[in-house]
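These notes are about the structure you will find just below.
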Amino acid sequence: ARAKELHAKAAEADRIAEQYRAERDRLIHQLRDEDPQRWSYGALAAALGCSRELIALIVKRKRTT
């Protein structure tokens, strides 16, 4: 029973994390579309607290929406 409860909690955490990643990716694409000069990889990375490499992966990845 405890394992089942923990599995359900982990699945919920994964679902929530995926929602946050999708929101982050949409925001990055929106900002880059609006003003790519201002929102460089470095500026986005600093604003979001992640690496320039992650921003580059997100920008170059095919959009899902």
Side-chain angles (χ1 to χ4, degrees):
R2 178 75 174 141
K4 186 175 181 180
E5 177 188 343
L6 292 174
H7 180 73
K9 285 183 179 184
E12 177 66 8
D14 287 344
R15 186 187 65 75
I16 292 169
E18 179 55 36
Q19 285 179 331
Y20 283 124
R21 284 190 296 272
E23 184 178 337
R24 175 203 64 203
D25 293 359
R26 279 191 300 273
L27 177 62
I28 289 168
H29 286 292
Q30 177 186 344
L31 292 171
R32 290 278 299 170
D33 289 345
E34 289 174 5
D35 191 349
Q37 293 297 319
R38 177 170 187 240
W39 292 110
S40 65
Y41 292 2
L44 284 165
L48 297 174
C50 61
S51 70
R52 294 178 76 244
E53 291 80 9
L54 177 60
I55 299 295
L57 287 172
I58 293 167
V59 169
K60 294 175 183 177
R61 182 168 55 210
K62 191 172 194 170
R63 294 184 196 196
T64 57
T65 57

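Here the structure is a predicted model, which means the values were calculated and not measured.
- By the 4.5 Å heavy-atom criterion applied to side chains, Ile55 and Leu48 are counted as neighbours.
- Of all the heavy atoms in Arg24 and Ile58, the pair that sits closest is NE-CD1, 3.4 Å.
- By the 4.0 Å N-to-carboxylate-O rule, Lys9 lies too far from Glu12 to be salt-bridged with it.
- Ion pairing between a basic and an acidic side chain is recognised when a charged N comes within 4.0 Å of a carboxylate O; Arg15 and Glu18 show no such pairing.
- Minimum heavy-atom separation, Ser51 to Ala45: C-CB, 3.7 Å.
- No more than 12 heavy atoms of other residues, nucleotides or ligands shown are found within 6.0 angstrom of CD on Glu23.
- The side-chain contact (heavy atoms from CB on, under 4.5 Å) test with Leu31 is passed by exactly one of Ile28, Asp35, Leu27: Leu27.
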Inset, instruction - Start with the C-alpha distance between Gln30 and Glu34, add both sets of side-chain angles, then the distance that settles side-chain hydrogen bond (donor to acceptor under 3.5 Å, both in side chains), and finish with yes or no. - result: CA-CA 6 Å; Gln30 177 186 344; Glu34 289 174 5; 3.1 Å; yes
Just distance, no hydrogens or angles: give the donor-acceptor pairs under 3.5 Å from side chains in residues 36-43, sequence neighbours left out.
unit_1 : atom_1 : unit_2 : atom_2 : d
Ser40  : OG     : Ala43  : N      : 3.1

